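The structure displayed is predicted, hence computed values, not measured ones. So that the names make sense, note that chain A is the first sequence line, chain B the second, and so on, each numbered from 1.
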Protein chains: 2
Amino acid sequence: MTKPQAGQTPLDPEMFDPVCPSPLVPFRVGDKWASSILRCLEGGPRRFSELKVPLRGVTAKSLTQSLRGLERDGFVVREVREGPERRVDYALTPLGRGLLGPLDTACEWTREHWDELIDAQEAGVRAGH
Amino acid sequence: MTKPQAGQTPLDPEMFDPVCPSPLVPFRVGDKWASSILRCLEGGPRRFSELKVPLRGVTAKSLTQSLRGLERDGFVVREVREGPERRVDYALTPLGRGLLGPLDTACEWTREHWDELIDAQEAGVRAGH
DNA sequence: TAGGGCGGTACCCGATCGGAAACCAGTCCT
DNA sequence: AGGACTGGTTTCCGATCGGGTACCGCCCTA
């Protein structure tokens, strides 16, 4: 994604490969609910209605949308178990499970710097921005 | 942000603290250009016009917006050097520099799984999603 | 005096995001 | 027969995102 840059030499115009555009990749995975859903699936497959519980306030539409997106991108599989007792399970693919690593790192960092983050934001807002 | 969950016990409805909403935090830092800007500032302060070069296609408006956001959140500082030769530098704060860690992790993972990511996406799209 | 670089701002626009509400078929319970 | 639960879909709507274009004052150089 990046070819790290030396001190004060000019920035490389080719620093970001237009073919694998960095802006889309590292942070900003999926939509608003995506990372929370990944977390929910960490312990095994979950049903649609199970997921709605911790994702408080999510509407069926938003949850469906988010899940379809994760499915399309290969992070989640949708398994319909037919039979008299029909149920739909969502589970992580190996790729999706792999995403938990970077996600953990980001969560960990956020937890460690939570106070600073809040303070900085409040200062920024107070400064009129 | 999360209290990891055991195997198939029901999901904890309080899994996500409504006060520090997980969806906003771990991935999805800032907007489209934010993570690229952070990368550009890794090697030291940069001027507005320097940043435009590698961020190809970014308009002045989008860049300004993105920078203002990063400033408001305390990841970047804007320094106006007055004098006959006026110039504006943008630099990472310690907090912003700290963000580079998780960002590296995410970039690294993406690089390692790039082929799988592309394949999975293509498969997902072909499957009609 | 004209043009160019710098560091933006203002306004317009279409696309997307994401919530609210209504509805639905199938199954199960009473 | 009526109601509830599951797993959605559809429509509507307002908010935000993000790009395009035009314009701005300031400084420098030719």
Rounded distance in Å - [atom1] ([X]) to [atom2] ([N]):
X	N	atom1	atom2	result
B/Gln65	D/dG20	CD	P	13 Å
A/Tyr90	D/dT6	OH	P	14 Å
B/Leu51	C/dC6	CG	P	12 Å
A/Glu82	D/dT6	CD	C1'	13 Å
B/Asp89	C/dG8	CG	P	11 Å
A/Arg86	D/dT6	CZ	C1'	8 Å
A/Glu71	D/dG7	CD	P	15 Å
B/Leu63	D/dT21	CG	P	18 Å

Output yes when at least one side-chain N/O atom of [X] is less than 4.0 Å from OP1 or OP2 of [N], else no.
X	N	result
A/Arg68	D/dG8	yes
B/Arg47	C/dG7	yes
A/Ser49	D/dG7	yes
B/Arg87	C/dG5	no

### Task
Check whether any side-chain heavy atom of A/Leu117 sits under 4.5 Å from a side-chain heavy atom of B/Phe75, and report yes or no.
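A side-chain contact under 4.5 Å exists here.
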### Separation of A/Leu63 CG from A/Phe48 CZ (nearest 0.5 Å)
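Atom-to-atom, A/Phe48:CZ and A/Leu63:CG are 4.0 Å apart.
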Out of [options], which nucleotide sits closest to the side chain of [X]?
X	options	value
B/Arg78	C/dG7, D/dG19, D/dT9	C/dG7
B/Phe48	C/dG18, C/dG8, D/dG7	C/dG8
B/Lys32	C/dA20, D/dG20, D/dG18	D/dG18
B/Ser62	C/dG18, C/dG7, D/dG18	D/dG18

### Query
Is the number of heavy atoms from other residues, nucleotides or ligands under 6.0 Å of B/Glu85 CD greater than 12?
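For B/Glu85, atom CD is not crowded (no more than 12 foreign heavy atoms under 6.0 Å).
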### Message
Once hydrogens and angles are ignored, does a donor-acceptor distance under 3.5 Å link the base of D/dG8 to the side chain of A/Lys61?
### Response
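Side chain to base: no pair below 3.5 Å.
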### Query
With no hydrogens and no angle check, do the side chains of B/Tyr90 and B/Arg46 hold a donor and an acceptor under 3.5 Å apart?
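Absent: no donor and acceptor within the cut-off.
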### For A/Arg47, side-chain hydrogen bond (donor to acceptor under 3.5 Å, both in side chains) partners two or more places apart
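For A/Arg47 there are no side-chain hydrogen bond (donor to acceptor under 3.5 Å, both in side chains) partners, ignoring immediate neighbours.
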